[in-house]
Structures are given as structure tokens and as C-alpha cells.
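Notes follow once the structure below has been shown.
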Amino acid sequence: MQLHYTPKSHFSRKVRLVLAALEMHAELIDAGNVAQAAANFGPNPLMKVPTLIDGEHVIFDSDAIAQYLVRHYDAGDRLAVLTTDVALLNARMVMNGVMSAEAELILAARTGIETKSLPRFQKIEQSIRAGLAWLEERSALFSTEPSYAGFHLLSMWDHLACYETVPLDYAGLRARVEALAQIPYIAASAP
């Protein structure tokens with residue numbers, strides 16, 4: 001099994017945490033600078049990380065990879081990856097939106113675009129703040145025990161903190177992240 005990823009990618013980290021929680025090993029292949037077309041994205045035609053290769057199976061997108069891993073290797077779905085709970089599904093979509101928006105800001109800045117002065121990027125930053133406020137109002141959705149929603153939250157939060165994208169003044173979310181960060185395999189995955 002191989003995972004094309006980058007060490008700081010929040011999308012890749014969600015998958016790495018699922019692998020760690022399920023005590024599974026995958027060879028990690030660093031894609032390199034994902035702002036460049038020459039990065040090693042493996043067989044992913046969208047040139048994004050993560051991509052999982054498991055024998056003949058190639059899976060794109062962190063959520064699809066997590067679902068694949070659970071369906072094939074964790075019939076009990078201990079991490080609630082396959083949840084149908086609407087509130088958790090909405091929270092995951094908001095987190096994915098925040099993560100995608102942040103990636104767009106970071107990659108634009110890496111290529112030399114001044115993001116602070118352009119309305120498009122100002123709107124993207126506003127969407128990050130609005131998404132975080134929405135999640136804070138629902139912070140009780142997140143357990144302090146290992147779960148896919150918790151991995152998702154922690155990966156998003158630590159990435160925002162690493163890049164100092166926006167102030168993280170959200171006490172409910174912070175408490176959940178700090179509790180999860182005490183678990184050794186989660187702490188070892190920090191960017």
C-alpha cells in the first residue's frame with residue numbers, strides 16, 4: 001500500500017490518522033511542492049494529494065480513501081467514517097470547505113499572488129472564518145476519543161495554526177483538538 005501525500009497536507013493527515021488508528025502501514029511518497037505541476041501526484045489526474053494505491057485499487061480524495069480503508073479493513077467502522085448522521089456529515093463538509101479554501105490561499109501566495117488585497121481571496125478568508133464560527137457553535141459534535149470527525153477537525157485546526165491563516169479564537173474546538181492531540185499516534189502526525 002502506498003500513500004502519495006505531503007507531510008503538511010491536512011487532507012493527507014486525515015488518511016494517515018485513519019491508517020494509524022487501524023494499525024495499518026502504507027509507504028509514504030512525498031509529492032513535493034504541490035504548487036508545481038512537476039510534483040509527484042502518482043496516478044491522480046487532478047494533481048492533488050492524497051492518493052492511495054492498494055494493489056490494483058487507486059483511490060483519490062481523503063474521504064473516499066478513509067471510506068475505502070474502513071470498508072476493506074475495518075468492518076466495525078470504529079472511527080465512524082461511514083456515518084449517516086446529517087450533523088456530522090455537514091460538519092465534515094464545512095471542514096473540507098475550510099481546508100480547501102485555506103489551500104487555495106496558501107498555494108496562491110506560494111506562486112506570488114498578493115492575496116490580502118484581492119476581493120476573491122478576501123472572500124475566501126471570510127469563508128474560512130464563517131466556517132470556523134459555524135463549527136464552534138457545533139463543537140459538541142466532536143468527541144475527544146479517536147474518530148474520523150475528530151481527525152478531520154484536528155487536521156484542519158493544526159494546518160490553520162501552522163500557516164497562521166486566521167486567528168483561532170474558538171474555545172470549544174480548541175478543547176477538542178487539545179484532548180485529541182494527547183494521543184501518541186495523533187501527536188506523532190503533527191505537521
Side-chain angles (χ1 to χ4, degrees), residues 3-17 28-52 59-66 86-139 141-142 148-178 180-181 189-191:
L3 181 69
H4 288 258
Y5 86 119
T6 60
K8 289 186 180 178
S9 164
H10 36 15
F11 291 106
S12 297
R13 188 177 183 200
K14 290 190 303 183
V15 173
R16 290 188 298 125
L17 287 170
L28 300 177
I29 300 173
D30 189 342
N33 183 351
V34 294
Q36 299 177 345
N40 180 5
F41 297 102
N44 192 325
L46 298 177
M47 296 189 279
K48 294 184 177 189
V49 294
T51 296
L52 182 77
I59 305 95
F60 309 131
D61 181 75
S62 54
D63 292 334
I65 293 168
V86 173
L88 275 176
L89 292 173
N90 282 337
R92 285 175 22 183
M93 292 307 104
V94 170
M95 288 186 286
N96 279 339
V98 167
M99 291 162 62
S100 293
E102 184 198 22
E104 191 170 341
L105 286 178
I106 291 167
L107 293 176
R110 274 191 199 167
T111 59
I113 296 172
E114 173 46 55
T115 60
K116 294 291 184 191
S117 61
L118 297 172
R120 165 77 178 131
F121 295 107
Q122 291 169 350
K123 179 184 176 195
I124 290 171
E125 186 175 322
Q126 287 174 346
S127 76
I128 292 170
R129 292 173 188 267
L132 289 168
W134 187 93
L135 291 164
E136 175 68 11
E137 291 173 8
R138 293 154 183 83
S139 61
L141 286 171
F142 301 98
Y148 190 58
F151 295 166
H152 206 145
L153 174 65
L154 179 100
S155 298
M156 176 195 71
W157 183 273
D158 281 355
H159 200 269
L160 289 164
C162 179
Y163 286 97
E164 300 178 336
T165 308
V166 296
L168 295 174
D169 303 323
Y170 306 95
L173 297 176
R174 178 181 303 281
R176 264 82 180 162
V177 166
E178 288 175 352
L180 288 168
S189 73

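- Rounded to the nearest 0.5 angstrom, M93 CE and N90 CG are separated by 8.5 Å.
- Residues E136 and A171 come closest through the heavy atom pair OE2-N, 3.4 Å.
- For T115 against A108, the heavy-atom pair with the smallest separation is CG2-CB, 3.8 Å.
- When every heavy atom of L160 is checked against every heavy atom of E102, the shortest pair comes out as CA-OE2, 3.4 Å.
- R176 has its side chain out of reach of L173: every pair of non-hydrogen atoms, C-beta onward, lies at least 4.5 Å apart.
- Shown here for S12 and Y5, the closest heavy-atom pair between the two residues is OG-CB, 3.3 Å.
- Here the side chains of D30 and T6 are in contact, with some heavy-atom distance below 4.5 Å.
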Would you please test V177 and L168 for side-chain contact (heavy atoms from CB on, under 4.5 Å) and show each step? CA-CA 12 Å; V177 166; L168 295 174; over 6 Å; no
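- Atom OH of Y170 is separated from atom CG of L153 by 12.5 Å, given to the nearest 0.5 angstrom.
- In this structure, the side chains of L180 and F142 stay at 4.5 Å or more apart for every pair of heavy atoms.
- More than 12 heavy atoms of other residues, nucleotides or ligands sit less than 6.0 Å from atom CD of E114.
- Taking all atoms of both residues into account, the shortest heavy-atom contact from M95 to A149 is CE-O, 3.9 Å.
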Would you check, one step at a time, whether the test salt bridge (charged side-chain N to carboxylate O under 4.0 Å, His left out) holds for K14 with D63? CA-CA 8 Å; K14 290 190 303 183; D63 292 334; 3.0 Å; yes
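- Side-chain atoms of Y148 and L88, non-hydrogen and from C-beta on, never get closer than 4.5 Å to each other.
- Interatomic distance, CD1 of I59 versus OG1 of T51, reported as 9.0 Å (0.5 Å rounding).
- Taking 4.5 Å as the limit, some side-chain heavy atom of R13 sits within range of a side-chain heavy atom of D158.
- Taking CZ of R120 as the start and CG of L105 as the end, the distance is 9.0 Å to the nearest 0.5 Å.
- Counting only distance, with no hydrogens or angles, the side chain of H159 and the backbone of S9 share no donor-acceptor pair below 3.5 Å.
- For the pair R16/L28, a side-chain contact is recorded, criterion being any heavy-atom separation below 4.5 Å from C-beta on.
- Between F11 and N96, some side-chain heavy-atom pair lies under the 4.5 Å cut-off.
- Here the side chains of F60 and K48 are not in contact, with every heavy-atom distance at 4.5 Å or above.
- Annotation: the span from K8 atom NZ to I106 atom CD1 amounts to 9.0 Å, rounded to 0.5 Å.
- The minimum heavy-atom distance between A101 and I124, with the atom names listed, is O-CG2, 3.4 Å.
- Expressed to the nearest 0.5 Å, how far CE of M99 lies from OG of S155 amounts to 6.0 Å.
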